[in-house]
Enquirer: 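Please find one structure pasted underneath; my questions will follow.
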Amino acid sequence: MNSKQRCQALVSRNILTQEEAHFLNNSGALSLNQAEKFIENCIGGFTLPLGIATNFLIDGQEIFIPMAVEESSVVAAASFGAKLARTCGGFFSEPTENIATCQIQFIVDASINIHAIFHEYLKEQIFTYAHQSQPRLAQRGGGVKSVELRSLAKPGYHVIHINVDTCEAMGANIVNSIAEEVGRKLPELLPCAVGSKILTNLTIHRVTKVKCEIEFSALERDGYSGEEAAKRICSVWEFADLDPFRAATHNKGIMNGIDPVVIATGNDWRAVEAGCHAFASLSGTYKPLTKWFINNNNRLQGEIALPIAVGTVGGVTKIHPSATACLKLMGSPSASRLSALIASVGLAQNLSAIRALGCEGIQKGHMALHEKNLEMMRQYDHLPSISVVEDQIDKQ
Ligand code: MEV
């Protein structure tokens, strides 16, 4: 199929309307008028190719995965990883709550027993202030869930964490408002100097977990038996587990799957990136975000656990027409379901990469798909560069 036919196929399956398909097929570009409402000093737009990764069976549901990405072979690799996972029923997720966390940093005299005060009255009072700051959130089924106190490595330096169920929103604005309101009132509750009041992107109460299994027979390739390939995949994973330099690239491959879906659905990919890498370092050493091993059923098993703070309302999810269409294309998931779909793509992407690394190497498949880019570069080589054009204009 060409891109028009692919869009038509989505229309004929009632996944997209003709209008949505037409919009995406025409680059999904924002009008200048729309773009100017998004950012300051706007001069235009910048589009990325949007593709669909296929073969995704997630918790028994067939899902088309929209991916906005410039790197060739990413969409193909995600689809291939998902195909391997189908040999054992696809991906299975654990439900997560949409808990966003904000931090209020404060300093007290080092002689104060802050933990005693916290349990005596501070915790309850902060909970009340936080709740009062967003009363409508509880009506929508969310609200403040818990308040924690952490002490930092410097005497007198402490942080309050407020964990909030932000329903379908990613929640940055909600928890930032709570943090500022509580931060304003904190000096009324105890003598302290309040510092920064903002969310943390390390959303450890929002960790999404997904797993999959693969039959050995599906892994046979290029002179490797399925079992040999599975062992080589585990060994590539082990290398990442032992070496932060390799773990960085291993996780980059995972983000190859995650970022394009986060972008396509209008979510904040910088927040997801920051959260995932901080989570990967939580033990004190940078670690891979997935785990691969041969399980008791004699199958390759993969697991991913990472914080994916995304929403289906708020931000640009509802105002960027491409994001709206992409969410619809995925079956209009809830925010927590969207996290599970995104984590599945990360696991599939990682499987494809480490399978290739463990067997034939990455370049064979990658370069075949990269050929179209090279062809385009060769064509551009015959065109004058922008600086030459600018020189000519200057001379005129
Ligand atoms: C390239 O964009 C991603 C890989 O380097 C990931 C990996 O090495 O696991 C292939």
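Just follow the structure's listing: the first ligand is 1, and inside any ligand the first atom is 1. Worth saying up front: this structure is predicted, and the values here are computed from it rather than measured.
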Enquirer: Look at E227 together with R299 and state whether they make a salt bridge at an N to O cut-off of under 4.0 Å.
Expert: no

Enquirer: Any side-chain heavy-atom pair from L338 and N267 closer than 4.5 angstrom?
Expert: yes

Enquirer: S79 and side-chain contact (heavy atoms from CB on, under 4.5 Å): which single residue from V345, I52, T54 fits?
Expert: T54

Enquirer: Which word best sums up how the rings of H158 and H115 line up, parallel for under 30°, tilted for 30 to 60°, or perpendicular for over 60°?
Expert: perpendicular

Enquirer: So that I can tick it off, tell me whether E97 and R206 are bridged by a salt bridge, with the cut-off set at under 4.0 angstrom between side-chain N and carboxylate O.
Expert: no

Enquirer: Report all N/O contacts between ligand 1 and the protein shorter than 3.5 Å as a table of atom names and distances to 0.1 Å; if there are none, say 'none'.
Expert:
| unit_1 | atom_1 | unit_2 | atom_2 | d |
| --- | --- | --- | --- | --- |
| ligand 1 | 2 (O) | E71 | OE2 | 2.8 |
| ligand 1 | 2 (O) | K252 | NZ | 2.8 |
| ligand 1 | 2 (O) | N256 | ND2 | 2.9 |
| ligand 1 | 8 (O) | R246 | NH1 | 2.9 |
| ligand 1 | 8 (O) | R246 | NH2 | 3.3 |
| ligand 1 | 9 (O) | R246 | NH2 | 2.8 |

Enquirer: Determine the interplanar angle of the F91 and F56 rings, folded into 0 to 90°, and report it as parallel if under 30°, tilted if 30 to 60°, perpendicular if over 60°.
Expert: parallel

